[in-house]
2 protein chains.
Amino acid sequence: MGAGRPPTMRDVAEHAGVSISTVSRVVNAEKYVDAATRERVEASVAALGFLRNESARTLRPGQRTATIALVVEDLTNPFSAELAHGVEEVAAAAGYVVLLLSTGRDALGDRDEVREKEIVGELLSRRVDGVLMIPGADDASGRYAALAERAPVVFVDRLPRGVKGDVVLLDNVGGSRRLTRRLLERGHRRIAYVGGDRGSGTGSKRYSGFRAALKAAGVPEHRELLHFAQHSSDEARLATQDLLALADPPTAIFCDNNRMTVGALLAVHRARADVVVAGFDTVELAEVLVDRVALVTYDPVDVGRQAAGLLLERLDGVDVAPRRITVPVELAEFGDRQQVHR
Amino acid sequence: MGAGRPPTMRDVAEHAGVSISTVSRVVNAEKYVDAATRERVEASVAALGFLRNESARTLRPGQRTATIALVVEDLTNPFSAELAHGVEEVAAAAGYVVLLLSTGRDALGDRDEVREKEIVGELLSRRVDGVLMIPGADDASGRYAALAERAPVVFVDRLPRGVKGDVVLLDNVGGSRRLTRRLLERGHRRIAYVGGDRGSGTGSKRYSGFRAALKAAGVPEHRELLHFAQHSSDEARLATQDLLALADPPTAIFCDNNRMTVGALLAVHRARADVVVAGFDTVELAEVLVDRVALVTYDPVDVGRQAAGLLLERLDGVDVAPRRITVPVELAEFGDRQQVHR
DNA sequence: CTGAAAGCGCTTACAG
DNA sequence: CTGAAAGCGCTTACAG
């Protein structure tokens, strides 16, 4: 490891007996290079194991770094991981490379703003060509706007308040409403809600869909059935445990993201409770989990592909007003006893 | 988006009325800068929104790119995603950024060598400071060796034949052996094996552990119970289906990675079969899945942290013989009917 | 088709 | 403590 100084174009030029300009032309596959010269240079490139220094190439204004960044909160969430997969796939096919940054969360479960500002600086310093980002809820500090001013940004999953830019969204309201309506159709009237961050655009959208469905059906919400601000599957598990212990427990539990669903499934399984677990997001092996599960599903890989596609278009010079793609979602039911039967 | 040319040190120098050298000193927090000068420069940096161009900095020999690369096969595998999380965490804390590359697999389920060579070129061109890589089984083409010659590489999960370098391994043989022994202790004698890529160091290690346990117990292997080369959970599901349909079906099924386990769980669940599913790797919600599950578990995030740690040490100049870390694994049983009872 | 030269934005001895 | 100058490895007009 750590060999000597890597060969430069100058080394190649000397080896091939041509000028640096000519080496550059060959390396960049330009036309108007004599076939024999080209061959000689290519032989030297191979002989020396020359690989163009990308930092040097990038230095000249107007040159791209061929790098895009993906900023997520936490890659251990399958949504982020699958998203990243879709992004990488599309980026690689277009000759881009992906820089991966995690924002993490602070002790309260909020985005770490300091870390996010640090990340924005990092991205701008490195002159990435564009950024894909799952943003926090708002942009009070102006960090997203500052970023978007200097580089094309495509937001994923939500658009922070006060920022404009391309965005790829899920049908959060529609998905929640349809799932809730389905539960109502099955006869459920006491439907609990176990939700994550209510401040995140995503969470509030999903809750509003849930609410709209109840309202449309004339079914009242029950205070004691609503649990917000659960920050982990473990917290969701405990919340669910509480719900199941109520004198008049819910017959269905709506979970507003995959972490919540996992927690609820665990609690329901352990209690051998007779309740439908309904959730937004795919959970692997859902059908094997609990007797009765209903999910809002979609393909996070596809979300990543679409977001990367939008960004690449911007990088190719597409200069139109901010665009919005909404990825459709589907309903999936598992277990044959979805109906309420109490 | 896409503002004008970003400000350079020269702009800052003019704005502050000092030389470029002085700006550089301030930006790099060097000593021996007059306090007043420093303040003036810092004010100009803030006023102009200056961010040092990292490509330019990097150009000078001996300067780091502060970039490490992580090369995985497929980020949709939770192992890779959690690994990436651990890597990013440690890298970020040390001031490094992570470039994420996926090799993918070709139609036959093998590593795409062409893509891997492309990736190696990309990494070297970008002068990443170091590389973390889950390698393919061998290095017939010499691509890993070529990479390791020019940059510090830490291999993860397996060391390709014919290459030397630091490596972080799991206790594949030991984990498989212990799990298999446990099954034998529970009375199982007909234990099937559903395995992925047998050529990958990982797969062959896990199989040899399985085999060693059977041998030690004097239990013969049965040809019809061995299914190798399953490339997806779906293939594993079908293989399991076949196993369950045998005249004399297995009482336990050993799955050699998480994909296999998922497939087996689905098949067993659908068939309501009375069989223990045993597997290497964690599968989320394992306890909720099937009546009887036994797993070899470990923390992939920790694997990532350890691998990144080794790499960072190399980058800090640690110059010792190739090192090997083996991450311990644990056994976890779910369900209270692990014993064979037929 | 090819080369000499300027310049990209930094860092780093070298003077002072 | 500060500045002028060289140089990192490329690309790109500009001549020829």
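Quick caveat, the model's predicted, so the values are computed rather than measured.
- At most 12 non-hydrogen atoms from other residues, nucleotides or ligands lie less than 6.0 angstrom from CZ of Arg324(A).
- Look at Ser19(A) and you won't find any side-chain N or O under 4.0 angstrom from OP1 or OP2 of dT2(C).
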(request) Classify every nucleotide of nucleotides 11-16 of chain C by which part a protein heavy atom approaches to under 4.0 Å, writing B for the base, S for the sugar-phosphate alone and - for neither, in 5'-to-3' order. (result) BBB---
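- Stem analysis of DNA chain C (at least three stacked-register Watson-Crick or G-U pairs, each with both distances under 3.5 Å) gives C:1-3 with D:14-16, C:5-12 with D:5-12, C:14-16 with D:1-3.
- Place Val33(B) and Arg127(B) on DNA chain D by their nearest nucleotides, and Val33(B) ends up nearer the 5' end.
- Using modelled atom types and a 3.5 Å distance limit, the side chains of Arg25(B) and Tyr32(B) yield no donor-acceptor pair.
- Judged purely by distance below 3.5 Å, without hydrogens or angles, the side chains of Arg126(A) and Thr67(B) pair a donor atom with an acceptor atom.
- Annotation: of the two residues near DNA chain D, Ala35(B) and Asn53(A), the 5′-most nearest-nucleotide partner is Ala35(B).
- The pair Glu54(A)-Arg127(A) does not count as a salt bridge, with every side-chain nitrogen at least 4.0 angstrom from each carboxylate oxygen.
- Per the geometry, CG belonging to Leu51(B) stands 14 Å off C1' belonging to dC10(C), to the nearest Å.
- Straight-line distance from the CD atom of Glu14(B) to the C1' atom of dG9(C): 14 Å, rounded to whole Å.
- The distance from atom CZ of Arg10(B) to atom P of dG7(C) is 10 Å, rounded to the nearest whole Å.
- Using a 4.0 Å cut-off between charged side-chain N and carboxylate O, Arg111(B) and Glu73(B) make a salt bridge.
- Nearest heavy atom pair, residue Ala321(A) against residue Arg314(A), reads O-NH2, 3.3 Å.
- Counting only N and O atoms by type, the side chains of Thr8(A) and Arg10(A) include no donor and acceptor under 3.5 Å apart.
- Between Thr37(A) and dC1(C), a side-chain N or O to OP1/OP2 separation shorter than 4.0 Å is absent.
- When all heavy atoms are compared, the tightest approach of Gly165(A) to Leu159(A) is O-CD1, 4.0 Å.
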